[in-house]
2 protein chains.
Amino acid sequence: MTSTRDRLTEAMADLLWERGYAATSPHDVLAKAGVGQGSMYHHFSGKHELAVAAFRSAIDTLIAESRVLENENDGSTPLDRIEGYLQRPRPGTKGCRAGRMTQDPQVVQDPELLAEVARAFDTQADRWTRAVEQAIEAGELPGTIPAQDLALALSAVLQGGYVLARAHGSQEYMDRAVRGAVALLEAARAQTGTTKETA
Amino acid sequence: MTSTRDRLTEAMADLLWERGYAATSPHDVLAKAGVGQGSMYHHFSGKHELAVAAFRSAIDTLIAESRVLENENDGSTPLDRIEGYLQRPRPGTKGCRAGRMTQDPQVVQDPELLAEVARAFDTQADRWTRAVEQAIEAGELPGTIPAQDLALALSAVLQGGYVLARAHGSQEYMDRAVRGAVALLEAARAQTGTTKETA
DNA sequence: GTCTATACATTGATAGAC
DNA sequence: GTCTATCAATGTATAGAC
């Protein structure tokens, strides 16, 4: 049994992903949540406060997903984890819950919403960076590569993949971009001498 | 001396970049162009037609910039051109004129606007692909890399760089993502230089 | 706590004077 | 061709009944 408050935040979270912040009206949220006009203003001061609450919990979920990069004791090598995380299924044409928001002027000008977006990327970047450092230490990637920069580049491939997929209305573009990145990582891995058989 | 019509398209093009399509109202455009309420509806059927005209010419400009990838006879190697193009100055926090639009639901649902976005990416992808193919033929990159996929990955790094830069309100993130990609390309280049590939 | 009814500003477009 | 004045619809928020 979900409370009215929870139904409001869930509806808002869904619409934030689907349409973004500016394009989501209180009316839409109320209709989707199946509650009357005034209810939202009982639980929240307005659209903004509801959006912050909804977005915060959505980002929490998102952040949890990148924990895969940290599974250091499951027998996988760091580079395997990096490539595995890159290749996780991702809904390209829907876009990234976080990355999507960076193109909304109202979000970028809103310190609270922007902070949530930044939080998502910061956490992810830290995990990417650690995984890359470990791959370098393990000799899977050459030490000439700056770990933090490569981490951002890999993060950018995913974010850019969403953009390309949406531009063409096709998942294919996301998948190919990821494949290209993995192929380049493999080329760099081969160089270090710890070559892995890839059929 | 610029005509009223030109001032309208210029104002719309600027605002499309700054705020996107949905967030730009006719009123804003008219104010920026310095013309009265009705003038826009004399030259165009409405906001949509004006936006299409303005966006089309903006995309033409954008497409012209990636011609650098095609300068095959200026003494540069293909991989040099690729890295040079990656490292061109790009206004990260402003975002990409084309990529930005893919997060606007109204744009994605609009066949004419979406077609312009796709046109920009298609042209760019073709040029990236050709350059990568040439780099492989020249022995600068290993033949194990699928050219088209790497082309999309590099395109994605740039688009993702914009996203990261906007998420943090800092150009730095775009620059680092590009640096990471270049470092990885260099690692792959080193390999083909030292080892003979069985193409 | 939830609802209906309403207020008020903004959006996208039109009418019609000059 | 350009302008001012206006309109209907929508977006966001409030009032007040139950």
Side-chain angles (χ1 to χ4, degrees), chain A residues 1-55 100-101 103-114, chain B residues 1-56 100-101 103-114 116:
Chain A
M1 149 144 202
T2 40
S3 68
T4 295
R5 193 192 155 94
D6 286 348
R7 276 190 304 165
L8 281 167
T9 53
E10 275 168 38
M12 177 55 107
D14 285 353
L15 289 171
L16 281 178
W17 193 7
E18 233 173 79
R19 312 184 192 174
Y21 178 71
T24 297
S25 75
H27 179 265
D28 297 332
V29 180
L30 296 163
K32 179 153 186 140
V35 303
Q37 282 282 34
S39 290
M40 169 177 138
Y41 296 94
H42 173 74
H43 295 282
F44 302 93
S45 66
K47 170 184 170 177
H48 177 253
E49 196 181 287
L50 169 55
V52 170
F55 194 45
R100 215 183 171 315
M101 310 289 274
Q103 303 309 317
D104 190 324
Q106 284 192 41
V107 170
V108 173
Q109 287 175 329
D110 183 319
E112 290 178 278
L113 290 174
L114 188 59
Chain B
M1 161 162 188
T2 39
S3 68
T4 295
R5 193 193 156 96
D6 286 348
R7 281 203 317 238
L8 282 167
T9 52
E10 275 168 38
M12 177 55 106
D14 286 353
L15 289 171
L16 281 178
W17 193 6
E18 234 172 79
R19 312 185 192 173
Y21 178 71
T24 297
S25 74
H27 179 266
D28 297 332
V29 180
L30 296 164
K32 180 152 186 142
V35 303
Q37 282 281 34
S39 288
M40 171 178 136
Y41 296 94
H42 172 73
H43 294 284
F44 302 93
S45 66
K47 170 183 170 177
H48 177 254
E49 195 181 287
L50 169 54
V52 171
F55 194 47
R56 186 162 293 155
R100 213 184 172 317
M101 311 290 275
Q103 302 310 318
D104 190 326
Q106 285 193 40
V107 170
V108 173
Q109 286 175 330
D110 182 320
E112 289 178 279
L113 289 174
L114 188 60
E116 288 303 310

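Below, chains carry the letters A, B, ... as their sequence lines are ordered, and counting in each starts from 1. Only this structure's heavy atoms are used, side chains among them; waters, hydrogens and symmetry mates stay out.
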Peer 1: Sequence neighbours excluded and cut-off under 3.5 Å, please list the side-chain donor-acceptor pairs for residues 40-52 of chain B, or say none.
Peer 2:
{"from": "B:Ser45", "atom 1": "OG", "to": "B:Glu49", "atom 2": "OE1", "distance (Å)": "3.0"}
{"from": "B:Lys47", "atom 1": "NZ", "to": "B:Tyr21", "atom 2": "O", "distance (Å)": "3.1"}
{"from": "B:Lys47", "atom 1": "NZ", "to": "B:Thr24", "atom 2": "O", "distance (Å)": "2.9"}
{"from": "B:His48", "atom 1": "NE2", "to": "B:Asp110", "atom 2": "OD1", "distance (Å)": "3.3"}
{"from": "B:His48", "atom 1": "NE2", "to": "B:Asp110", "atom 2": "OD2", "distance (Å)": "2.5"}

Peer 1: Looking at the side chain of A:Tyr41, which of C:dA13, D:dT2, D:dT14 is the nearest nucleotide?
Peer 2: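 When the side chain of A:Tyr41 is considered, D:dT14 is the closest of C:dA13, D:dT2, D:dT14.
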Peer 1: Could you give the CD-to-P distance, from B:Gln106 to D:dT10, as a whole number of Å?
Peer 2: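 Rounded to whole Å, this separation is 13 Å.
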Peer 1: Specify the separation, in whole Å, of atom CD of A:Glu49 and atom P of D:dT14.
Peer 2: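 Rounded to whole Å, this separation is 12 Å.
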Peer 1: Choosing from C:dT2, D:dT12, C:dA13, which nucleotide comes nearest the side chain of B:Lys47?
Peer 2: C:dA13
Peer 1: Taking the side chain as everything from C-beta on, heavy atoms only, tell me whether B:Phe55 gets closer than 4.5 Å to B:Met101.
Peer 2: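 In contact.
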Peer 1: Classify the nucleic acid contact of B:His27 as base, sugar-phosphate or nothing, counting any heavy atom under 4.0 Å across all strands shown.
Peer 2: nothing
Peer 1: To the nearest Å, give me how far apart CG (A:Asp28) and C1' (D:dT12) are.
Peer 2: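 Result: 12 Å.
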Peer 1: Are any of A:Ser25's side-chain N or O atoms less than 4.0 Å away from OP1 or OP2 of D:dT10?
Peer 2: no
Peer 1: Please state how far atom NE2 in B:His42 lies from atom P in C:dG12, giving the value in whole angstrom units.
Peer 2: 22 Å
Peer 1: Nearest-Å distance, CZ (B:Arg5) to C1' (D:dC3)?
Peer 2: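 After rounding, the gap between these two atoms is 19 Å.
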Peer 1: Taking only side-chain N and O atoms of A:Thr4, does any of them lie within less than 4.0 angstrom of OP1 or OP2 on C:dT2?
Peer 2: yes
Peer 1: What is the separation between atom CZ on A:Arg7 and atom P on C:dG1, rounded to the nearest whole Å?
Peer 2: 15 Å
Peer 1: When all nucleic acid strands are considered with a 4.0 Å heavy-atom cut-off, which category describes A:Thr24: base, sugar-phosphate, or nothing?
Peer 2: sugar-phosphate
Peer 1: Rounding to an integer number of Å, can you tell me how far A:Phe44 CZ sits from D:dT12 P?
Peer 2: 16 Å
Peer 1: Please write out each protein N/O paired with an N/O of nucleotides 4-6 of chain D under 3.5 Å, distance rounded to 0.1 Å.
Peer 2:
{"from": "D:dT4", "atom 1": "O4", "to": "B:Gly38", "atom 2": "N", "distance (Å)": "3.3"}

Peer 1: Nearest 0.5 Å please: distance from the CD atom of B:Gln106 over to the CG atom of B:Leu114.
Peer 2: 13.5 Å
Peer 1: With heavy-atom distances below 4.5 Å as the criterion, would you say the side chains of A:Arg19 and A:Asp28 are in contact?
Peer 2: yes
Peer 1: Check the distance between D:dG1's P and B:Leu30's CG and give it to me in whole angstrom.
Peer 2: 18 Å
Peer 1: Look at the side chain of B:Asp104 and the backbone N and O of B:Ala22, then say whether any donor-acceptor pair between them is shorter than 3.5 Å.
Peer 2: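 Yes; at least one donor-acceptor contact below 3.5 Å.
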Peer 1: B:Arg100 versus A:Pro105: any side-chain heavy-atom pair under 4.5 Å?
Peer 2: yes
Peer 1: May I ask you to verify if any side-chain N or O of A:His43 is less than 4.0 angstrom from the OP1 or OP2 atom of C:dT2?
Peer 2: yes
Peer 1: Using the rule side-chain contact (heavy atoms from CB on, under 4.5 Å), only one of A:Glu10, A:His27, A:Glu18, A:Met12 pairs with A:Lys32; which is it?
Peer 2: A:Glu18
